[in-house]
Number of protein chains: 2
Amino acid sequence: MPPIKVKMLETEGGKGGAKAAPSKRPRAQTRIQREKQEVILEAALDVFSREGFRGATIDQIAEAAGMSKPNLLYYFPRKEEIYQRLLAEMLDIWLAPLREIDSVGDPVPELRSYLRRKLEMSRDYPRQSRLFANEMLQGAPRVLEMLESDLKALVDDKAKVIEGWMDAGKIVRTDPYHLIFSIWATTQHYADFDVQVRAVLGKDRGGEGRFEDAARFLENLFLHGLLPKT
Amino acid sequence: MPPIKVKMLETEGGKGGAKAAPSKRPRAQTRIQREKQEVILEAALDVFSREGFRGATIDQIAEAAGMSKPNLLYYFPRKEEIYQRLLAEMLDIWLAPLREIDSVGDPVPELRSYLRRKLEMSRDYPRQSRLFANEMLQGAPRVLEMLESDLKALVDDKAKVIEGWMDAGKIVRTDPYHLIFSIWATTQHYADFDVQVRAVLGKDRGGEGRFEDAARFLENLFLHGLLPKT
DNA sequence: TAACGTTTTTTCCAACTGGTCAAATTTCTG
DNA sequence: CAGAAATTTGACCAGTTGGAAAAAACGTTA
């Protein structure tokens, strides 16, 4: 499956320093270039995921990256470019777990591992989750197209897989789309609403253990629900 | 229970036009004052819920409210004030459903109606939900305190109610906190990630009917889970 | 080490930002 | 209707913003 594309403004394919060498010949990327770009993206993820696109400033990002604003702009000539790059990178890893859902597998281990993987993503990549959430809140101006095409296609596909499980009587007949939504919602909640979760759980239960608790809870919820088996 | 307080910068208690009448006597609010403030808050909700605090500009809000920037500032001298007012108003209605959960009731209708009410809020007040989500993504700088005190207390209380149900064998023994989180997450998802939901469901299923479908699905999920009763 | 390409810094700019202020206009009240 | 109070407007301001330009500093390699 091809990597997800956010309409990108030609992110400086590798001219060797954005503004240099007009039409001479595309040089390979320097070590410094790779490193600094990494640092910048890292810092930008921090800022964008907190403030959203409009709320974030190049100065903030530059400061977080430990360099001057013009220096940063040397590597990424536009704010928009950094953001879109992060978004695209993000969407790719973010949807990987869903892609892995396999029709041949049994639903129980399959769903269980999907839940777990999504929860692990929330634990290990919370900023990416928040970046995406921010974009959604703004109405997804930059990814709407891809949601309607790529994402929809992917979910349609997996919904069919789930329906297959229902046909085989392996799981209860229900709406596969809303099932997927609820898995997204419950797992991403731990990244996007992390502050709230910690605040409510309090000092004692708000530590790393919360993810284990959440995993156990969600597994039970999705498999058995709340009512005792009569 | 007292209304939730966000530390507010004295939102102009009613001096009758923010800058007027220094120390004369607090006049009652004019009709125009009430009306315009309403219009402004309405417009501000639109903008803040999309762009977040930093991303929103007074100009945008003024334009959406159909007035000039200085005119808007006549009613709310600070951007921060508008935002905090919205936040406080919002938290109050937002938590109402949770407050209503009753210990004497039976868990099934009680949880069912909580789910429904929360989902209705997502349908009827999506902007408020997104406003709150935006605040959470930013790390809840303005409401963290109240989350740690008021909200925690409220959830602690309701968690006890739920535990009572477990003790009585009415529902399966599980973590009441994560149960509440998952109800929040699943229901608010339909407001916060509305674009995504619509995009994935497509034109045909993305209409208003999606809330009925979601309600049915969530009810089943929370009560019975996915595995067929053996 | 000289020459060249890369990286960084300094300076600058026009547009936008939140907000002020006084004057002009409108609305209300007696 | 007159006068006072409330509302609206236009001009303005200092600080911030995204970004351009050019020069200075640095690194590499012939």
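Every heavy atom of this structure was used, including side-chain atoms; hydrogens, water molecules and symmetry mates were not. Letters A, B, ... mirror the listed sequences (proteins, then strands); counts begin at 1.
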*Would you say C/dT8 has OP1 or OP2 under 4.0 Å from some side-chain N or O of A/Y75?*
yes

*Is a side-chain donor or acceptor of A/E110 paired with a backbone partner of A/D102 at a separation under 3.5 angstrom?*
yes

*In whole angstrom, give the distance that lies between atom OH of B/Y83 and atom P of C/dG18.*
14 Å

*Would you say the side-chain atoms of B/T186 pair up with the backbone N or O of A/S182, donor to acceptor, closer than 3.5 Å?*
no

*Taking only heavy atoms on the protein side, list every residue of residues 53-66 of chain A lying under 4.0 Å from any atom of DNA chain C, sorted numerically.*
A/R54

*How long is the span from the NZ atom in A/K118 to the CD1 atom in A/I183, to the nearest 0.5 Å?*
9.5 Å

*asked:* With a 4.0 Å limit, can you tell me whether A/K36 has a side-chain N or O closer than that to the phosphate oxygens OP1/OP2 of C/dT8?
replied: yes

_Helical bend (five base pairs per end, nearest 10°) for the helix from C/dT1-D/dA30 to C/dG30-D/dC1_ = 10°

*Does any non-hydrogen side-chain atom of B/I93 lie less than 4.5 Å from one of B/Y125?*
yes

_Separation of D/dA20 C1' from A/L73 CG (nearest whole Å)_ = 9 Å

*asked:* B/F217: which residues meet the ring pair (Phe, Tyr, Trp, His ring centres under 6.0 Å) condition with it, sequence neighbours left out?
replied: none

*Between A/R78 and D/dG18, does any side-chain N or O lie under 4.0 Å from OP1 or OP2?*
no

*Can you check whether A/V47's main-chain N or O pairs, donor with acceptor, with A/Q60's side chain at less than 3.5 Å?*
no

*Spell out, as yes or no, whether a donor-acceptor pair under 3.5 Å connects the side chain of B/K36 to the backbone of B/Y75.*
no

Distances for protein N/O vs nucleotides 9-11 of chain D N/O pairs under 3.5 angstrom?
none

*Is it true that the NZ or CZ of B/R142 lies under 6.0 Å from the centre of B/F53's six-membered ring and within 45 degrees of the ring axis?*
yes

*A/I82 pairs by side chain to side chain contact (heavy atoms under 4.5 Å, CB included) with which of A/L87, A/L73, A/L72?*
A/L72

Could you pull out the protein-nucleic contacts involving nucleotides 23-29 of chain C (nitrogen or oxygen on both sides, under 3.5 Å)?
| residue | atom | partner | partner atom | Å |
| --- | --- | --- | --- | --- |
| C/dC28 | OP1 | B/R31 | NH2 | 2.8 |

*asked:* Name the residue from B/D156, B/I180, B/V155 that meets the side chain to side chain contact (heavy atoms under 4.5 Å, CB included) definition with A/V200.
replied: B/V155

*Under the ring pair (Phe, Tyr, Trp, His ring centres under 6.0 Å) test, which residues partner A/H189, sequence neighbours left out?*
A/F193

_Less than 6.0 angstrom from the centroid, inside 45 degrees of the normal: does A/R198 satisfy that with respect to the ring of A/Y190?_
no

*Take atom CD1 of A/I82 and atom C1' of D/dG19, then tell me their distance rounded to the nearest Å.*
12 Å

*asked:* Looking at A/G206, is its backbone amide N or carbonyl O close enough to the side chain of A/R210 to form a donor-acceptor pair, meaning the two atoms are under 3.5 Å apart?
replied: yes

*Specify the separation, in whole Å, of atom CD of B/E51 and atom P of D/dT17.*
16 Å

*Separation of B/K79 atom NZ from D/dT16 atom P, in whole Å?*
14 Å

*Compare side-chain N and O positions of B/Q33 against OP1 and OP2 of D/dA6 and report whether any pair is under 4.0 Å apart.*
no

*Under 3.5 Å, side chain of B/R130 to main-chain N/O of B/A191, donor-acceptor pair present?*
yes

